[in-house]
Asks: 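Below: one structure in structure tokens.
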There are 2 protein chains.
Amino acid sequence: MDPSRTDPVPDPAVRRLSLYLRQLEAFSQKGRRTVSSKQLGASLNLTDAQVRKDLAYFGQFGHPGIGYRVDELIAQVKHILGTDKLSNVLLVGAGNLGRALSAYHGFDAKGFRLVAVFDNDSAKVGEQHGDFSVQPMSQLREVVAKLNIRLGIIAVPADVAQEVADQLIAAGIRGLLNFAPVSVHVPADVAINAVDLAVQLEQLSFQVNLASITS
Amino acid sequence: MDPSRTDPVPDPAVRRLSLYLRQLEAFSQKGRRTVSSKQLGASLNLTDAQVRKDLAYFGQFGHPGIGYRVDELIAQVKHILGTDKLSNVLLVGAGNLGRALSAYHGFDAKGFRLVAVFDNDSAKVGEQHGDFSVQPMSQLREVVAKLNIRLGIIAVPADVAQEVADQLIAAGIRGLLNFAPVSVHVPADVAINAVDLAVQLEQLSFQVNLASITS
DNA sequence: GGATGTGAATGCATTCACAGCA
DNA sequence: TGCTGTGAATGCATTCACATCC
């Protein structure tokens, strides 16, 4: 009816959409043509109702009596996530983690292309990391504009993460993936996601200790 | 009163507990002695009520009229998460990401100590990565038992992640952090957390595209 | 006054259950 | 029959609001 999106989509549903896509691609590679909400859910420890409800937020993709056609749904989900077209991504931080990320070649198949690596440390600028020559932060604005980059990965020490984020946003970046173990604040119109190794391990520690108490 | 935990603790509350700890340590380093739920919440974009409710699941740590004593609360939260004592951690996968992780020295301050690195590739076994000599998977069971390791990090290709997880669990590991871009299934008494780079970027892509439609 | 801890109220996400279609 | 899409019901998490204490 109204072509512009009005009903709010629950955030958890969007997170699961990525997981559905991953599973669907696995199903596709195994030669499956269709999949039911029950099967897709089982592969992720979710209920069938959850899967159907999540997908229904975005449209009617299923076929009653049949299920979902795998390749068709893959295309739909990619379109929703915006990964049906390649997005350019930049990386700041040429330390250990930064190097590992710049050597990771799983991006392209997922719709992302790493196109530039920056670092503030003049000792690292000019180094060759895989396909990339490390550039100084002074080049940021120009490169972002020229390559139309909207997503940035922050892999710098905690004490400079906020400063780097501010620079990226000023240069035109609209979404940030932060690996620094610190809370970074951004304006409301900028998206941010954080991955903190210590936080992840702490969650496991809690659950493991809990299990040993309960038992 | 009943010393055994009976009321269920919401999962989101546990996740935030780690974030509180991180902020509290930042406050402590800046010399702050006390902090209110409002201040702690503001630093993480949460409400004061949220902070108080989360902490109250675990006990009464605050002081009316004063707030929370920073160092005191740090100790309490560490105790709850089980990171007041050092936990040994192992890593499987000596590829790019594995090397980056084994070179990361931020673990110890957080209560975790990486003590062993494994890989199945015989070409990598024996290599020296930072402080670690890469060991063959055949050593797994013995090392886990001897060093009393309960947590494991999986940094291997997607197609062997499930197999590695099974081996780790058989060897006695109780909590897994999975970096492979695939859904890994574990028994109910084993904890698992996943970090998938593509999933993170897809979330950003969705939000960034959404913003450009709404505007 | 300033701030916590907590029952009650609200709001949001998940699950149920079923009409409808292939 | 098999399976989707969806309103209604449930269950959980967040927020409100206030009694209580320093």
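Reminder, nothing fancy here: chain letters follow the sequence lines and each chain counts from 1. Bear in mind the structure is a predicted one, so any value in this text is a computation, not a measurement.
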Asks: Would you kindly give the CZ-to-P distance between A:Arg52 and C:dG20, to the nearest whole Å?
Replies: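 Distance check: A:Arg52 CZ to C:dG20 P gives 16 Å.
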
Asks: Keeping B:Ser102 on the side-chain end and B:Gly98 on the backbone end, is there a donor-acceptor pair under 3.5 Å?
Replies: yes

Asks: Tell me the interatomic distance from A:Asp48, atom CG, to C:dT14, atom P, rounded to whole angstroms.
Replies: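 One finds 14 Å between P of C:dT14 and CG of A:Asp48, rounded.
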
Asks: Against B:Ile154, only a single residue in B:Leu90, B:Leu177, B:Leu168 fulfils side chain to side chain contact (heavy atoms under 4.5 Å, CB included); can you say which?
Replies: B:Leu168

Asks: Tell me whether the OP1 or OP2 atom of D:dT15 has a side-chain N or O from B:Gln50 closer than 4.0 Å.
Replies: yes

Asks: Among the nucleotides D:dT15, C:dT15, D:dT4, which one has an atom lying closest to any side-chain atom of A:Ala49?
Replies: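 So the nucleotide nearest the side chain must be C:dT15.
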
Asks: Could you state the CG-P distance from B:Leu44 to D:dT14, rounded to the nearest angstrom?
Replies: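 One finds 14 Å between P of D:dT14 and CG of B:Leu44, rounded.
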
Asks: Looking only at the side chain of B:Pro12 (C-beta and beyond, no hydrogens), which of the listed nucleotides C:dG5, D:dT14, C:dT14 gets closest?
Replies: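 The nucleotide sitting nearest to the side chain is D:dT14.
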
Asks: If only side-chain N and O atoms of A:Tyr68 are considered, is one of them under 4.0 Å from the OP1 or OP2 phosphate oxygen of D:dG2?
Replies: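 A:Tyr68 to D:dG2 OP1/OP2: no side-chain N or O under 4.0 Å.
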
Asks: Measure NZ/A:Lys38 against C1'/D:dG5 and give the value in whole Å, please.
Replies: 17 Å

Asks: Starting at the 5' end of DNA chain C and moving along, which residue's nearest nucleotide shows up first, A:Gly65 or A:Arg16?
Replies: A:Arg16

Asks: Rounded to whole Å, please give me the gap between CZ in B:Phe61 and C1' in D:dC22.
Replies: 19 Å

Asks: Could you state the atom-to-atom distance from CZ of A:Arg69 to P of D:dT4 in whole Å?
Replies: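 Roughly 12 Å, once rounded to whole Å.
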
Asks: Rounded to the nearest angstrom, tell me the gap between atom CG in A:Asp11 and atom C1' in C:dT14.
Replies: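 Rounding to the nearest Å, CG of A:Asp11 and C1' of C:dT14 are 15 Å apart.
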
Asks: Answer yes or no: is there a donor N or O on one side and an acceptor on the other, between the side chain of A:Asp54 and the main chain of A:Phe58, under 3.5 Å?
Replies: no

Asks: Is the closest basic N to carboxylate O distance between A:Glu25 and A:Lys30 below 4.0 Å?
Replies: no

Asks: Which nucleotide wins on minimum distance to the side chain of A:Ser37, given the candidates C:dA13, C:dT4, D:dT4?
Replies: D:dT4

Asks: Using a cut-off of less than 4.0 Å, is there contact between a side-chain N or O of A:Thr47 and OP1 or OP2 of C:dT15?
Replies: yes

Asks: Would one find a side-chain N or O of A:Gln60 under 4.0 angstrom from OP1 or OP2 of D:dT6?
Replies: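 Checking D:dT6 against A:Gln60, a side-chain N or O does come within under 4.0 Å of OP1 or OP2.
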
Asks: When you measure from the side chain of B:Lys53, which nucleotide among C:dT14, C:dG7, C:dG5 comes out closest?
Replies: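 Ranking C:dT14, C:dG7, C:dG5 by closest atom to the B:Lys53 side chain puts C:dG7 first.
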
Asks: In whole Å, what is the span from the CG atom of A:Leu55 to the P atom of D:dG5?
Replies: 8 Å

Asks: Choose from C:dG2, C:dT15, D:dG5 the nucleotide whose nearest atom is closest to any side-chain atom of B:Pro64.
Replies: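 Of all the options, the side chain of B:Pro64 is nearest to C:dG2.
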
Asks: Verify side-chain contact (heavy atoms from CB on, under 4.5 Å) between B:Leu40 and B:Leu46, making sure each step is shown before the conclusion.
Replies: CA-CA 8 Å; B:Leu40 184 50; B:Leu46 301 169; over 6 Å; no

